[in-house]
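Quick note: numbers below take in every heavy atom, side chains included, and nothing from hydrogens, waters or symmetry partners.
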Amino acid sequence: MLTFDATGDQVTIAATTLVGEAKPKTPEYAEAEEERSALLAERDEWSQRFAQANPETDRVTFERTHGKLTSAEHRATVATDQLQKFFFDTPITVTTTRGDGWTELAMYAGTSNRATPAQRRLAEKMLDVYSARAVRYFSAMRSMYAYLDARPQRAHDVFTDVFSGESEQRPLLSDRERSLSNSVRDSIDALVNTSDVDTSASVDRVFDLVYNPFPAHFKVAIHGNPLAVEGFNRIDSETFEINPPTALEAIGMLEGRWISPDPLALVHRTNDKKTDAELVAMIESLPRRTEPVVTQSEVAAAIVEKMRPAPRYRLRWVTRRPPAS
């Protein structure tokens, strides 16, 4: 979390590290134990970054559960023009520009260096499996849309079946309609539940290490009206974040390339705040369009394209002049 003061002269950096649980004798368990040792000895990557930025104030807080370290927060205040030093070991370039009554932050992301060679090989394997599942999903949607184009009056019941939960009563469908709906549901389940792809690590964790150069989920807080926002997602009027999508969200972001509308994209846009009935009402009357999926490799490239960060994150906002001394 980067929190700029009202003048834009100083920024408070707060980095929280959560140490998760993992099964003993797994690579993730060994990583977690090593991370605990590094945090307690202040030889972790964040301690090195804070030291490099020459902070004016500095504080570290540890939290333990049953005597075991579960999180650590490092907080420090530095001069705004020292931010690049904080990112010294990352492929991220940070610039700050000052003008008459405004400050601008710009962040440029390079290629991630966070993954090990073994993790990169695992990512290739996972991407191959995941893109094949995405092809299956797009193909299932294409078949269902071809059927509904010939029978538009059946859209409500078929979409209701697609969005129905396991414990909910499903509508009465023909054998053909049930087969189409089940194909879509099964293909979505395969994209959501990827625990069978590799038991040693999650798809999203490995993809994040390989494709996302940012070593954390970044938020920026300002004290002033924003004048320009590029790349950042807006949380509220003064808080912004860098939030690369998960693999499943990346599939939804491909809406329009092979299918439209996309149920996954609709769920992502509504942030799970809509009921099944509301989702059905939103999608059943929309014009449907499908394109044949060319190759699995094309889908894989499209997924990676969406998971990579924006080439630039830029935020300009109004700042106050520091008080006269």
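- M307 and M253 fall into different hydrophobic clusters, where Ile, Leu, Val, Met, Phe, Trp and Tyr residues are linked whenever their side-chain heavy atoms come under 4.5 Å apart, directly or through other members.
- One hydrophobic cluster, built from ILVMFWY side chains closer than 4.5 Å, holds both V192 and L266.
- A salt bridge is absent between R114 and E45; no separation between the charged side-chain nitrogens and carboxylate oxygens falls under 4.0 Å.
- Ring to ring, F87 and F218 are close: their centroids are under 6.0 angstrom apart.
- Side-chain contact, T319 with T7: no donor N or O sits under 3.5 Å from an acceptor N or O.
- No hydrogens or angles considered: a donor-acceptor pair under 3.5 Å links the side chains of R98 and T103.
- Residues that satisfy the side chain to side chain contact (heavy atoms under 4.5 Å, CB included) test with L18, not counting sequence neighbours, are T16, S71.
- Within 6.0 Å of CG on D236 lie more than 12 heavy atoms contributed by other residues, nucleotides or ligands.
- Between F138 and Y145, a ring centre-to-centre spacing not shorter than 6.0 Å is recorded.
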Worksheet item: Do T90 and N113 pass the side-chain contact (heavy atoms from CB on, under 4.5 Å) test, and can you show the C-alpha distance, the side-chain angles, and the key distance before you say yes or no?
Response: CA-CA 7 Å; T90 72; N113 60 4; 5.6 Å; no

Worksheet entry | Pair R49-D58, salt bridge (Lys or Arg N to Asp or Glu O under 4.0 Å): steps then yes or no | CA-CA 12 Å; R49 291 173 187 139; D58 195 10; over 6 Å; no

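- Annotation: salt bridge (Lys or Arg N to Asp or Glu O under 4.0 Å) contacts involving residues 237-255, sequence neighbours excluded, comprise E255-R269.
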Practice prompt. Test R312 against E230 for salt bridge (Lys or Arg N to Asp or Glu O under 4.0 Å), laying out the working first.
Written response: CA-CA 7 Å; R312 178 173 73 168; E230 180 182 341; 2.7 Å; yes

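- Within a 6.0 Å sphere centred on CD of Q169, heavy atoms belonging to other residues, nucleotides or ligands number 12 at most.
- A donor-acceptor contact closer than 3.5 angstrom links the side chains of E177 and Y147.
- Side-chain N/O atoms of H74 and D44 include no donor and acceptor closer than 3.5 Å.
- Ion pairing between E33 and K68 holds under the 4.0 Å rule for side-chain N and carboxylate O.
- Considering every non-hydrogen atom in both A216 and W46, the closest pair reads CB-CZ2, 3.7 Å.
- You'll find the side chain of V299 reaches within 4.5 Å of the side chain of I303, heavy atoms only.
- Each of T239, I242, N243 was compared with N233 under the side-chain contact (heavy atoms from CB on, under 4.5 Å) criterion, and only N243 meets it.
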Discussion item. Between E31 and R36, is the salt bridge (Lys or Arg N to Asp or Glu O under 4.0 Å) condition met? List the steps.
Written reply: CA-CA 9 Å; E31 289 177 14; R36 286 189 177 92; over 6 Å; no

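- Counted by atom type alone, D189 and N193 present zero donor-acceptor pairs between their side chains at under 3.5 Å.
- With hydrogens and angles left out, the side-chain atoms of E42 and Q48 include no donor and acceptor closer than 3.5 Å.
- For the 3.5 Å distance criterion, the side chains of E63 and T70 fail to qualify, holding no donor opposite an acceptor.
- In the displayed structure, R59 atom CZ is contacted under 6.0 Å by at most 12 heavy atoms of other residues, nucleotides or ligands.
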